[in-house]
Amino acid sequence: MSERTRPGARTGRPAGVRAPSMGAMFSDDRTVRGARRWPLRPAWVVPNEGGDLRASLRSRGAVSWYIGGGLSLLWLFAPLHELVFEPVPDLLGAAHAGWFLALGIGLLVVYALAFLCSAPVVWVLPGRLRPLVPLGLFALSFTLVPWYGWGVRGVWTYVGVAVGMCVLRWRPTMIAIVGLAVLAYLFGIPLAAAGGPDLFLPAIILSISLMMAAFARQLAAMNELRSAQEELQVMAADRERGRIARDMHDLLGHSLTVITVKSELAGRLVDLDPDGAKREIGEIEQLARGALADVRTTVSGFRGASLGRELSAARVALQAAGIRAELPSSVDVVDESHRELAGWVVREGVTNVVRHSEASVCRVTLAGRAVEIADDGVGPSTASRDSTGLAGLRERAEAAGAVLTVGRSELGGFGLRVAW
C-alpha cells in the first residue's frame with residue numbers, strides 16, 4: 001500500500017486549528033452534504049451501532065481512501081497482460097475469445113471497486129457484521145479463477161487489508177490473516193517449479209495485512225481518545241456552567257435578600273429617622289456595588305467565600321432583618337482547608353433564615369469538623385428544604401467530601417449542618 005492509502009483523522013476540536021494529518025479519512029468530523037463523517041472505531045466499542053452508508057461512501061475520508069486505494073490497485077492490474085495473452089480455453093473456441101477477455105476484465109474491475117468500497121462500508125457496520133466485508137471480497141476473488149487459475153492468490157493481499165480495516169480483536173484478526181497467508185502458500189504449491197514452494201507472495205500478504213491491521217487499530221484508538229477528550233470538554237463546560245449558576249445564585253441570592261430587607265427598613269425610616277434612612281440607603285449602595293464585583297469575579301472563576309467576611313455580612317443581614325445574631329468571635333477553630341466551604345454554609349444558611357424562618361434568633365456554631373446554623377423560627381419547610389441554594393450547597397459539600405443535613409434545630413426552628 002502506498003503512503004496515500006493510509007487512512008486517518010483530523011482532530012475536529014471545537015476551539016482549535018484543524019491541521020491535516022496522515023489519518024484524515026477516519027475521524028474528520030466535518031459534514032459532507034449535511035452528513036457526519038464516519039470514523040473507524042474498534043468493533044468491540046460500538047457492537048450495535050451503524051451509520052449512514054451513503055454518506056460514508058461519499059465522505060471526504062472515503063475520497064482519501066479511494067485515492068490511496070486506487071494507487072494500490074496498480075498491483076492488481078499489473079498482471080493484466082495475462083488476461084490478454086493467455087490462451088483461450090479450448091472448450092470456448094476462438095469465436096468466444098473477445099467476450100471471454102471482456103468478462104475477465106469486467107470482473108477484475110468489479111473486484112477493484114469492491115475493495116475500494118470495503119473500508120467506507122466497514123466504518124458504518126456494527127462489529128458483528130464487519131467480517132462479512134473481507135469474506136465477501138475473498139469469495140469474489142474466486143470469480144477470477146478461469147483467468148488466473150491458482151494465481152488468484154495474488155489478489156488476496158486486498159482481502160488481508162480489508163481484514164485489518166475491520167479492527168477486530170487481535171486473535172480473530174491474526175487467525176484470519178495467517179490463515180489467508182497459509183492458503184496462499186497452499187495455492188502456490190501447484191505453481192511451484194523445481195525451485196520449491198513460493199513463499200514470497202504469502203509473506204507479502206502476511207506483512208502488509210498485519211501492517212494495515214496495526215495501523216487501523218492505532219487510528220481507531222486515536223479516534224476513541226479524541227472522542228473521550230471531546231466528552232471531557234463537554235463535561236467540563238457543563239461543570240463550569242453549573243459552577244457559575246451556583247455561585248451566581250449564592251452571591252445574588254444573599255445580596256439581594258439583604259438589599260430587600262434594608263430597602264424595607266429604609267422605607268420605614270424615611271419619615272421617622274431621615275438620617276437613619278440615608279445611612280441604610282448608603283449601605284444598600286455598597287451592597288449593590290459589592291454584589292456587582294462578586295458577579296464579575298465569579299464569572300472570571302476567582303470568587304471564593306471567606307468565612308470571616310461571611311460572618312460579618314451575616315451580622316449585617318440579621319440585624320437589618322431584626323434577628324438577634326449569635327455568631328462566633330473567631331474562625332480559628334475551623335481548619336484552613338475547610339473555611340471556604342464553611343463560608344458558603346454560613347452565607348446560604350443565614351440567607352434562608354432571613355428569607356423563610358420568621359425567627360428572632362439565629363445562631364452560628366463553628367466546630368473543628370462542622371458548621372451549624374440554627375434559628376427559632378417556623379422550622380423546616382418544603383421551600384427551605386428544596387431551595388436551589390441548598391441544592392448548590394449540597395453539591396459543594398459533596399465535592400469537598402462533606403455531608404449536609406437539614407432538619408429541626410435545638411432552638412426549635414430550622415437547622416442546617418455540614419460536617420466533614
Side-chain angles (χ1 to χ4, degrees), residues 243 246-259 261-262 283 286-287 289-298 300-357 359-377 384 387 389-411 413-420:
R243 180 194 68 81
R246 184 178 63 239
D247 288 357
M248 292 288 284
H249 173 274
D250 293 346
L251 293 170
L252 293 182
H254 175 79
S255 299
L256 293 178
T257 298
V258 178
I259 288 173
V261 172
K262 282 188 166 291
E283 293 181 1
Q286 293 178 0
L287 286 170
R289 293 183 183 277
L292 179 60
D294 286 343
V295 168
R296 288 172 177 169
T297 55
T298 297
S300 300
F302 301 111
R303 179 64 167 88
S306 167
L307 180 56
R309 184 173 64 246
E310 296 303 332
L311 287 173
S312 299
R315 187 181 301 278
V316 173
L318 292 170
Q319 288 177 350
I323 302 174
R324 190 174 81 249
E326 297 181 0
L327 308 178
S329 57
S330 174
V331 300
D332 294 340
V333 67
V334 179
D335 186 79
E336 182 71 29
S337 61
H338 291 95
R339 286 183 187 175
E340 181 176 351
L341 175 61
W344 288 115
V345 175
V346 171
R347 172 181 282 267
E348 180 59 29
V350 171
T351 299
N352 280 342
V353 170
V354 174
R355 281 181 175 175
H356 309 295
S357 70
S360 59
V361 177
C362 176
R363 177 187 300 163
V364 176
T365 304
L366 300 180
R369 302 186 63 82
V371 57
E372 184 174 358
I373 292 91
D375 64 62
D376 63 346
S384 60
S387 68
L390 281 181
L393 184 60
R394 189 180 302 277
E395 292 178 3
R396 293 182 190 276
E398 291 175 352
V403 178
L404 181 148
T405 55
V406 296
R408 188 167 294 277
S409 70
E410 295 179 355
L411 298 179
F414 183 77
L416 168 64
R417 187 174 190 270
V418 174
W420 50 82

What distance do [X] atom [atom1] and [Y] atom [atom2] have between them, rounded to the nearest 0.5 Å?
| X | Y | atom1 | atom2 | value |
| --- | --- | --- | --- | --- |
| L307 | L341 | CG | CG | 10.0 Å |
| L411 | S357 | CG | OG | 11.0 Å |
| R396 | L390 | CZ | CG | 12.5 Å |
| L327 | E310 | CG | CD | 12.0 Å |
| L393 | R347 | CG | CZ | 12.0 Å |

| task | Kindly indicate, with the supporting measurements, whether the criterion side chain to side chain contact (heavy atoms under 4.5 Å, CB included) is fulfilled by N352 and D375. | result | CA-CA 10 Å; N352 280 342; D375 64 62; over 6 Å; no
Side-chain donor-acceptor pairs under 3.5 Å in residues 361-371, sequence neighbours left out?
residue : atom : partner : partner atom : Å
R363    : NE   : E326    : OE1          : 3.0
R369    : NE   : W420    : O            : 3.0
R369    : NH2  : W420    : O            : 3.0

| request: Write out all pairs satisfying salt bridge (charged side-chain N to carboxylate O under 4.0 Å, His left out) with one or both partners inside residues 313-322, taking only residues at least two apart or from two chains. | output: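 Every pair satisfying salt bridge (charged side-chain N to carboxylate O under 4.0 Å, His left out) with a residue in residues 313-322: there are none.
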| message | According to side chain to side chain contact (heavy atoms under 4.5 Å, CB included), who are the partners of S360, at least two apart in sequence or on a separate chain? | response |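 Side chain to side chain contact (heavy atoms under 4.5 Å, CB included) list for S360, sorted by chain: D376.
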| request: Only counting residues at least two apart or in another chain, list the ones meeting side chain to side chain donor-acceptor pair (under 3.5 Å) with S329. | output: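 Side chain to side chain donor-acceptor pair (under 3.5 Å) list for S329, sorted by chain: empty.
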| said: Could you go through F414 and V353, starting from their C-alpha distance and side-chain angles, then the distance that decides it, and tell me whether this counts as side chain to side chain contact (heavy atoms under 4.5 Å, CB included)? | reply: CA-CA 8 Å; F414 183 77; V353 170; 5.7 Å; no
Which heavy-atom pair separates [X] from [Y] by the least distance, and what is that distance?
| X | Y | result |
| --- | --- | --- |
| V334 | A342 | CG1-CB, 4.4 Å |
| D332 | R339 | CA-NH2, 3.5 Å |
| I323 | A359 | CG1-O, 3.4 Å |

